[in-house]
Amino acid sequence: MIRICANPRKLFAYLAGSVFVCIVSAGTVSAQVIGQPAENSEPAFRTDSKMVAGGEMVTIFSRNVAKDGGLTIVSETPLFSIFKDTLDDNDPANDRLRYIWLLTYTEPGFWQKAASAVPFFYTRAGNKKVSGSGPPPPLIDLNRPNPSIWNQVFWIAFKRIIVNDLSIAPRSSILQYRQNGSDHKKAAIASALALLTVYQDAENERILSDQDLSDIQAKLMLDNKPFGGRMQSENFSRLVKKETALTRDYRGHNWELLRQHAEAQGLIFDPIEMPDGSATHAILWADREEINAGSSKKFDGRFLNIRDPWTDPSLKDWDGYLETRWYDDQDREVEHDHPKARAKTLIPLAVYGLDNPKIPVILIDFRNNKNPKFREMSRRVLNDVTGNVLSLSKFSSVPYFLGRFLLDFTTSRRGTDFNQESRRRSYAQLKTLIALDDSLSVPLRGEMAKRVESSTLNPRQNDLDVELQIARLQYRNLMLYADRPDGLAKRIRNDRREEMARLKSGTASRTFHSLISFLTFGNYKQRRNYNSANIAMIDVSRRLQYHERIVRETAARSVRPEIDSNVAQLRESLDFIASDGGSKAAAKTAKAIASIFMATRLPDLRERALAGLYRINNPEAKSQLLAIYSTPDIDDHWRVETARYLRRARTEGLKMSEHDSRIIAGLLP
Amino acid sequence: MKFFRTFNLLLLIFFCLVSAAEGLGQPVKRIVIVKIDGLPSYYVDKFVKEIDPSTGRSMLPWIEHVFYKNGSRVPNFYTRGYSISGPAWGVLDTGQHMQVKGNVEYDRYTLHPYDYLNFFPYYLNYAFKQNADMPAVEVLDQLGVPLISDIFPYERRYKSHQLYQRGNNWEVLAKGFVKHYPGNISDFLDEWTIGLPFRKTTTNQNAHDILRIVTREHNVDYMDYYDVSFDHVSHHNNDRPSRINTLKEIDRVIGQFWTAIETSKRGPETALVLISDHGFNSDEETYSQGFNIVRLLAGAEGGAHHTVTKRRLLLEYSVKGIYPLTPLIRTVSKDSRYLSGQSQDYPTALVDFDGNERSTVHLRNSDLNKLHILLQQIKKGLREPMLSAAAASVMDLIGRHRSKWESVSAEMKEELAALDRWTAARAAKVDKNPKKFSPEQIAMGMDKQARREFAQVALDRRMLADNRAYLRSLDSLLSLKPDTLKAGKFNIRDLIHPGAMGEHNSIHQLQNYAFGVAPTGLVIGGDGMIDDERSFERVDYFDLLISQRVRNNVQEKIGNRPIDFTIARVPARELEGVLSSENATDQDAVWLAGPEGKQALLLTRISPNGERSYRYLTISSLRQNRHGKIEFDVLEPREGHPLRYFEDLQFDTGGESPADWLGRWHTEIEWLNAVHRTLYSNALMSIVEQTLHHPLPPPAHAVGTDGVLIQRFRQRQRDMSEPEIGILANYHWNFDVRGFNPGGNHGSFFRVSSNSTFMIAGGDRTGIPRGLAVAAPYDSLSFAPTVLNLMGFIDDRGVPTRDLKGMGFQPMPGRIVTEIAKPSNPSLSRR
C-alpha cells in the first residue's frame with residue numbers, strides 16, 4: 001500500500017522515516033488509513049493471535065500514529081511472535097509457552113560471520129542480505145531446560161584443553177567469534193526484554209496473560225545466568241519483580257543525576273519517554289545563544305562524559321542539527337504562541353541511556369561519534385587482550401587478579417560507564433525508542449539512528465532499517481512456516497515427542513541421551529512415538545506442573561489461604577493433585593501441601609490437602625502426613641483422618657520410608 | 001450493730017478488692033509493636049481498598065483482616081515535628097515532647113555530632129564493648145527520658161534493631177545470616193540467582209524470633225519489630241509495583257504475627273500495633289528532584305562556607321564512600337574568602353539534609369567570622385591607621401558579646417564541675433562492675449547495663465574535655481588585650497576554637513551575614529573603627545534561599561522553585577513591645593519566610609496546665625536591626641503565605657470565614673481539627689514542636705545541686721544543637737546530597753509526609769474495638785499514652801503509676817486516643 005501525505009513535512013517524514021516508522025504493508029503486515037481523528041489514547045501496540053500447529057501464535061505489533069490534516073494514519077511493525085503449545089485444546093492448564101521469535105533477530109550472513117572471527121574488528125560488517133524464505137531462528141525456546149551452565153562447563157573444558165594450546169591467531173579468532181556470537185544473542189535478548197517491558201506497561205489489548213508475560217521475561221532474564229535454567233517456576237515472578245524494581249531504581253537515579261548535572265553545568269535536560277511513558281533516555285542540549293556568549297564557568301564533565309561545550313569552537317560554528325523550542329518565564333517548555341514564550345535554539349550534545357547501573361551511559365555524542373564507541377570498546381579491548389591474546393584468567397596470577405580487582409572495584413564504585421551489558425540494553429532500548437516514539441522529530445530520529453549504528457562493535461549486527469525489513473520478511477516467513485504441515489507443526493510434534501521421552505526416562509537415561517545429543521552437536525534427540533497415549537501423558541504431566549506451581553506459590557506466600565489467597569484456584573489445584581494425576585507430584589509439593597494444611601482453618605481445604613498428600617506417591621508425602629498426625633495441638637478429627645489416610649497408603653503399598661511404615665503400622669485403627 | 005460493723009468491713013474489703021482488681025486489670029498485658037518506617041496511612045488505605053486480581057481479595061489482606069475488621073485505626077494520625085525518623089521515633093518511643101530534633105545534630109560549641117542513623121559505628125563499638133545503646137538512646141538517657149520499652153524488665157522484652165535501640169544481640173545477625181540458606185540446594189540456587197536479601201537479614205530474624213516468642217515464651221510482655229524496607233524502596237522507586245511488593249511483604253508479616261497471637265495462650269490479652277513514624281511524598285508520575293544546599297552554601301553566592309555534613313556528597317559514587325566510620329564530612333569551598341585551606345579546622349556551616357524534604361543549617365556566628373577576618377588581617381600586618389581601627393573593632397566586637405560570653409563561661413564551668421564530680425563517682429562505680437557475667441546475669445541484661453554505664457562515663461568525659469577546650473578559647477578571647485592584639489602576639493587557634501560555631505546567629509545576623517572582606521577591602525568609619533557596613537561581604541540567607549530557581553523544569557507537577565519557605569526562631573524577648581497586647585506571649589515565636597515577601601509568624605501560649613494555644617499571624621518584611629529591634633508589617637490573612645491555610649479548601653473553620661478564624665488564638669485541638677486535612681495538615685503545631693525548647697525536670701538519678709547543674713548542662717547541649725534555619729522543600733523537591741532519592745522523600749510538613757499509620761488490634765480480653773476508624777485527628781504524642789493506658793501503666797490524664805515514676809517516667813503530654821482506650825466513650829465513629 002502506498003500512502004500520499006499532503007503535508008510536505010509529513011511526506012518528508014514518511015520518506016525519511018520509512019526506515020523505521022512507516023512500514024509499507026507487505027505480506028500479512030497491515031497498515032491502515034483511518035478516516036477519523038484518532039483518540040489520544042491510541043494504543044502503542046496491537047496483538048494478533050492465530051491458532052496454528054496445535055497451538056497459538058501471538059504476534060505483537062508496534063503502532064505508529066501519524067496525523068495528516070483530519071486523517072490519522074496508523075502504521076504497524078511486527079516486533080515479536082510467541083508460540084504457545086496448547087495441546088490443541090482450550091484448557092490453559094496444559095499450555096506451554098514454547099518459542100519467541102524476535103523478528104529483527106536473524107542468523108548473520110556469511111561475511112558477517114567471517115568478520116566476527118577477526119580479532120579486534122570492532123565494527124559492523126555490512127548488513128545481511130534481506131532474502132530467503134526459511135523460518136527465522138527462535139530467540140529462545142522457553143520450555144527447554146537452559147543449557148547455560150553445561151555449555152559454560154563444556155566450553156571452559158574445551159578452551160583449556162584445546163583452544164589455549166593454539167597459537168595466538170587461531171585462538172583469538174575462535175574466541176572472538178564466540179564472543180561476538182554470544183554478544184549478538186545477548187543484544188537480541190536485551191531488545192526483546194526492552195520491547196516486552198514497554199508492551200507490558202503500555203495500555204493495550206492483551207492476549208498474553210500477565211503470568212505469561214512475566215514467565216517470558218523471567219526466561220529471558222535467566223538465559224545468561226549460571227543457574228538460571230533450573231530455576232523453579234514458582235520463583236519466576238519474584239525474579240521479574242526484583243529485576244524490574246532494580247531497573248526502575250537505576251532509571252530514576254540516572255534521570256535525577258543527569259538532571260542535576262545538566263543544571264549545574266548550565267545545560268538543558270530533556271528526558272525522552274518510551275511509549276509506556278517511562279523515560280529511559282535523555283538528551284542534553286545547549287542553548288546556542290549561551291554558547292555564543294561564552295561562559296567562564298568551569299565545566300565538570302564527570303558523569304556527563306562529553307567535552308566542555310563552553311570552550312568548544314565547533315559549537316560556535318555548529319552546522320549540525322538544531323531545534324527551536326519555546327519556554328515560559330518559569331523555564332517550562334510551551335507552545336510558540338504562549339503569551340510568555342521565549343524562543344531558544346538548541347544544539348544537541350548527547351543522548352544517554354538511563355537504565356545503566358550507577359550513572360547514565362552515553363550512547364550518542366553529537367560532536368564525536370567515536371566517544372561512545374571508544375567507551376564501549378574500552379572493556380572489550382581489555383578483555384580481549386588479556387583473555388584472547390595473553391590467555392590470562394582472573395585467577396592465573398595474583399598481581400593480575402589484584403590489578404583487575406582494583407580496576408573493577410574502582411570503575412564500578414565510581415560508576416565509570418564501562419559496563420557493556422547495560423550499554424547493550426540501553427542501545428536496544430534506544431533503537432526501540434527510535435522506532436516507536438512519535439514525539440521525536442523525524443530529522444532528530446534520523447540523526448540518532450545514524451549515530452547509533454556507528455557505535456556498534458559487533459560485525460554481526462545489522463542496521464536499524466535492515467532489521468525492520470528483516471522483521472517484515474521474517475514475520476511473513478514465520479507465518480508461512482506456521483501454516484505448512486512440515487513446518488512449525490512438525491517441529492511442535494517433535495518437541496512433544498522429546499517431552500514424552502523426558503517424562504518416560506529416568507535420570508540416568510536422560511543424562512546419557514543428553515550426552516549423546518551434546519556430542520552430536522544437538523543433531524540427536526531422544527524422542528518417543530507420537531500417539532494418543534503419550535499425548536495424554538503429556539497432558540497430565542503439564543496439568544500437574546501447573547497445579548503444583550499454584551500450590552507451591554500459595555504455600556510460599558500465604559499465611560492463611562482463606563484470608564490472603566485465591567481459595568477457589570487452590571481447591572482446584574489440590575483436587576487435581578488428589579486425583580490420579582497427582583501421584584507423581586514432587587516432594588516439594590508435598591511439603592507445600594502440608595504447610596497449607598497447617599495454615600488453613602477451612603475444613604474442605606484441609607480435607608483436600610490430606611487427600612493430596614495421600615495421593616502423592618513419594619515418601620516425603622507420607623512423612624508430611626505423619627508429621628501432621630504427630631502435631632501436638634491438632635484436633636482429634638484431623639488426627640483420625642490423617643491416620644486413616646496413612647493406613648490406607650500403607651495398605652496400598654504407596655511409597656514411604658521404612659521408618660514411617662513402621663510407625664504407621666502401629667497407628668490404632 | 002456488730003453485724004453492721006462486720007458488714008461494713010466486708011463491704012470495704014470488697015470495694016478494695018474491686019478497686020485493686022480494676023487497677024491491675026489492665027486489658028492489654030502483652031504487646032507486639034510493628035514499627036514500619038515511613039508508612040503513610042493514606043497509602044495503606046488505598047491498597048487495603050483495592051482488590052488484587054490474582055486473589056480476588058484486598059491487596060493487603062492481613063491489614064484489612066486484622067486492623068480494619070478486627071481492630072481499630074486512626075486514619076488521621078500525624079507526625080509531630082519534621083517528618084523524619086530521628087525525631088519522630090523519639091516522640092513515639094517516649095511519649096514526651098521532642099528532644100532529638102534531627103537525624104543528625106551538631107553541638108555548636110564542640111562540633112560533636114549526634115549521628116542517630118549510623119548503625120555501623122554503633123555495631124563496631126558494640127563489638128569492642130565500648131557502648132550498649134544507639135546514640136539517640138544515649139542522649140535520652142542523659143536527659144532522663146525513658147523509652148516505653150524500658151517499662152519491661154530486660155528478660156520480659158524483645159527489641160528489634162532500630163534507631164532507638166537499647167542493647168544488641170549478635171545472635172539475631174548470626175541466625176539471620178544462616179537462614180539465608182533455605183534448607184535445600186535447589187531453593188538456595190534460586191535465591192542466589194534472584195539475589196539473597198542481605199538487607200533483610202536482621203529484620204527477617206526479628207520476625208522469626210517474635211513468632212517464636214509469641215507462641216512459646218509466655219514470659220515476654222513487650223516485643224517490637226522494626227522494618228525500614230518500605231521507606232528504603234520509596235526513596236528509590238516511585239513505581240507502584242516496587243512499593244506495593246514491599247507493602248505486601250509487611251502485610252504478610254502482620255498476618256504471621258496475628259496468626260501466632262491468635263493461636264498463643266496469651267492471645268486474648270495481647271495487642272498487635274502497627275505504627276509508623278511519618279508518611280511519604282511519592283508520586284508514580286513524578287520523580288522527586290534534588291537541590292544541593294551544600295553546593296549553594298559552598299559557592300560565593302551562599303557565603304563560601306566549608307560545610308560539614310554527616311555523609312559524603314555523592315557517597316555512592318566515591319571510593320572513599322565505602323569507609324563507614326567517618327563521623328563528619330567537610331565539603332571544601334573553593335570560593336572561601338578567608339579560610340582557604342582551613343576546612344578541617346574551620347568549617348562554618350553545618351547541614352543536616354536527612355529526610356530530604358527539609359534541611360537544617362547551623363552557620364558560624366557572623367560576629368565570630370568578623371573577628372576571625374579581622375584577626376587574620378591584623379596578623380598579616382596591617383598598617384596604621386587600619387591596624388588601630390581593626391584592633392578597636394575586635395575589642396568592640398568582644399565588648400558587645402562580653403556579658404553573654406562571660407555568663408556562658410561562668411555557668412558552664414559550674415555545670416562542668418558538677419558533671420566532673422558526678423562522672424568521677426560513676427567511674428568509680430563502673431570500675432567495680434564485674435568484667436565477666438554469668439549466663440543468668442546476661443539473661444537479665446546486667447552485662448549490657450554495665451557496658452551502658454561505662455559508655456555514659458566515656459561520653460561524659462569526652463563532653464567535659466571538648467567543652468572545656470571551647471571555654472579555654474572563649475576565655476582567651478575575653479582576656480585579649482588591645483596591646484597584644486596590635487602587636488600581633490596571638491594565635492588565632494587559641495582565640496577562635498576550631499570547629500566551634502559560637503552562639504546562634506540572630507535574625508539580624510542571618511540577614512546580614514558576614515563571610516569575607518568586601519571587594520573594596522576594609523574601610524575605616526567615622527568612629528575610627530572598621531566600618532562594619534562597608535567592610536564585609538554579606539548575604540541575607542532568607543532572601544538567598546527563597547530566591548533559588550532552576551532552569552530544567554521538565555515535570556508537570558513540579559515548579560522551578562526548590563525551596564518552599566524557611567523557618568527561624570524569634571526569641572520572645574526580642575518581640576517584647578513589638579506584638580500587640582492581644583498577641584503578646586512569653587514563648588518564642590517562629591518566623592516563616594516564603595517567596596515574594598509572604599511571611600507568617602507563629603505565636604504560642606502555654607497555660608499553667610500545659611494547654612497550648614496558637615496564633616497564625618500573616619506578616620511581611622520582617623527585619624531585625626543591629627540593635628535587636630524587630631519590625632514587620634501585619635497583614636490581613638490572605639493567599640500565598642506559608643502553610644497556605646487561608647486558601648486551602650480543606651481548611652475546616654466550622655463555617656467561619658478563614659480570615660476571621662485565623663485572626664484569633666485557638667487551642668491546639670481546635671487547630672488540629674481545622675487544619676489536619678489541608679495540604680500542610682498539622683504543620684503549625686509541628687513547627688512549634690520542632691522549634692521550641694522542651695525543658696525537662698532533673699532525672700531521678702541526678703538529684704541535688706549537681707543534678708540541677710548537670711540537667712542545665714544537658715539542656716544547654718540540646719539548645720546548642722538546635723539549628724538556626726529550617727529549610728522546607730517545595731512539593732516533590734528534596735535536599736539529598738548523599739545521592740539521589742528520585743522515588744520520593746519525607747521531612748516536610750506536607751500532609752502526605754506527615755500522615756502516618758497507627759492501627760491496633762487485640763485479643764478478646766483487650767477490649768480494643770473492632771472495625772473502628774477513629775475520625776478525630778491525633779498526632780504522634782498520642783501513641784505512647786494510648787498504648788500505656790491500655791496496659792494500665794498510666795491513668796486517663798497521662799500520669800504514670802508510682803512504679804513508672806520511680807523509673808523516671810513523667811506525665812505524658814499527649815492526648816490518649818480515647819475512642820480506642822475507652823471505647824465506652826459515646827463519641828465513637830464506627831465504620
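Letters A, B, ... mirror the listed sequences (proteins, then strands); counts begin at 1. Hydrogens, waters and symmetry mates are skipped; everything else that's a heavy atom, side chains included, is used.
At a cut-off of 3.5 Å, with distance as the only test, no side-chain donor of E256(A) or N741(B) sits close to an acceptor on the other residue.
Heavy atoms closer than 4.5 Å to chain B are found in the side chain of F409(A), but not in its backbone.
Rounding to the nearest 0.5 angstrom, the gap separating the CG atom in L570(A) from the OG1 atom in T55(B) is 12.0 Å. Atom CD1 of residue I563(A) and atom CD of residue E64(B) lie 9.0 Å apart, to the nearest 0.5 angstrom.
The aromatic rings of Y317(B) and F303(A) sit perpendicular to each other, their planes meeting at more than 60°, with 30° as the lower class boundary.
Looking at D331(A), D270(A), I268(A) one by one, the single match for side-chain contact (heavy atoms from CB on, under 4.5 Å) with N552(B) turns out to be I268(A). Exactly one of I194(B), I244(B), N245(B) qualifies for a side-chain contact (heavy atoms from CB on, under 4.5 Å) with K241(A). That residue is N245(B).
By the side-chain hydrogen bond (donor to acceptor under 3.5 Å, both in side chains) test, S623(A) pairs with D660(A), sequence neighbours left out. S412(A) is linked by a side chain to side chain contact (heavy atoms under 4.5 Å, CB included) to nothing, counting only residues two or more places apart in sequence or in another chain.
Remark: D187(B) engages K588(A) in a salt bridge, criterion side-chain N to carboxylate O under 4.0 Å.
Put simply, the side chain of R551(B) never gets that close to the backbone of E263(A): no donor and acceptor are under 3.5 Å apart. Judged by distance alone, with hydrogens and angles left aside, the side-chain atoms of N237(B) form no donor-acceptor pair with the main-chain N or O of R248(A) at under 3.5 Å.
Contact tally against chain B (heavy-atom pairs below 4.5 Å) for R259(A), R251(A), R238(A): the top residue is R259(A).
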